[in-house]
Amino acid sequence: MGKKCIWVDEAWDKSLRKTLRNTARIGARFPHASKGGVYELASPEWWTAGFWPGMLWQLYGASGREELKALAEECELAMDAVLDGFVRLDHDLGFMWTLTSVANYKLTGNETSRIRAMKAANYLAGRFNLKGRYIRAWNPWHEGERNEGVAIIDCCMNMPLLFWASRTSGDPRYAQIAEEHMNTVLQHFIRPDGSVYHIIQFNPETGEMLEPLGGQGYGPESAWSRGSAWAIYGLTLAYHHTGKAEYLTAAQRTATFFLSRLPEDQVPAWDFRAPQELRSLRDSSAGACAASGLLLLAQMTGGEDGDFYRTRGEQMLKSLYERYGAWDDPEEEGLLLHGTSNYPQGTNIDVPLIYGDFYFVEGLARLKGYGPFYWE
Ligand code: GLY
């Protein structure tokens, strides 16, 4: 066994052990950010609800530990009230039900899960704006807010639910909507240098693109690293599902930008264009998500490009394991330290984030050759 395999095996074993330990306290609930070593629990309505069960499914798929499967199933059931309640659902239906019901269906063939995921896909497709060719992101956050015209880069990762729905049902409508949304991403979200906008405001009546808005990055013209990670991975998945070369080209452009901005330790600043004094603050979740996406991009490209993306994705995961892991701290539930959720709002800064942990485990599963991967 080469050196490389040793660190991957160690990282996998430690992730499995820590997650098994965490199940005792977290159970079938919904962790988001770890504070003082303890994961705070979020509502099952929050966009992060799928990541804990998704990680349990990923670890179950490879280890066969039944207790992980049982908890993932319980989480999925607990989310039914959100799906049936409808009013709190937004575009993150994709993140939420891909990592729960699609995962369950792929691993066990559970028909009830397939139907749940189809309901989620139908609600997601229903958010498509015909004139602007985008999926509406959010619902009003407060009384009177109008955000029918808002689309965000994160939604790239919600599109796999629509591609899956077309495959499982034989009805091309879902994939057609996903492609239209991704075409809008190509047209309006990706800058010439391969960086991306977080939020674009459209006129929801005419579909006209109005302006980029500041979001979780430093400003409208900055380069929020998790946004870049969503784009790299989401565009690669769009190529995987459609075979259309323009998505692959765009994935490579966003990857080139991201990789060229990494510091020496290979883990991105929370925003590549934040003022220098703020760039020491990292986002390990962006690193983990981009790394897993790069490993898929490596598979999609093959050849020399494939070797390059695989090497870079592997280097990022290795650095996360060696320099950002909380392996030796029994008082810390998070797997990865130093995630940044929302700097402009001042929330969950420099903490473990459940989606960082999820993508780290998923990236390791790719290196170990374990599947399936639920977005695919
Ligand atoms: N999708 C929200 C975020 O990336 O924080």
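Both ligands and their constituent atoms are indexed starting at 1 by order of listing.
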Winner among His91, His198, Arg226, Met157 once heavy atoms are compared against atom 5 (O) of ligand 1: Arg226
Using distance alone, decide if ligand 1 has a nitrogen or oxygen within less than 3.5 Å of any nitrogen or oxygen in Gln216. yes
Out of curiosity, is Trp46 lining ligand 1, as in a heavy atom under 4.0 Å away? no
Nearest heavy-atom pair of Trp270 and Trp224: which atoms, and what distance? O-CD1, 3.4 Å
Could you tell me if Arg273 sits above the aromatic ring of Tyr218, with its cationic atom closer than 6.0 Å to the ring centre and no more than 45 degrees from the axis? no
Do the rings of His198 and Trp138 sit parallel, tilted or perpendicular, given the 30° and 60° boundaries? perpendicular
For Trp230, counting its heavy atoms only, list the atoms of ligand 1 lying under 4.0 Å from any of them. 4 (O)
Hey, is ligand 1 close enough to Ser341 that some N/O pair sits below 3.5 Å? no
Classify the ring geometry of Trp327 against Tyr321: parallel below 30°, tilted from 30° to 60°, perpendicular beyond 60°. tilted
Using a 4.0 Å cut-off to any heavy atom of Trp224, which atoms of ligand 1 qualify? 3 (C), 4 (O)
Does either side chain, that of Arg279 or that of Gln276, offer a donor lying less than 3.5 Å from an acceptor on the other one? yes
Rounded to the nearest 0.5 Å, how far does CG of Leu248 lie from CE of Met300? 9.0 Å
Any N/O pair Asp154/ligand 1 closer than 3.5 Å: yes
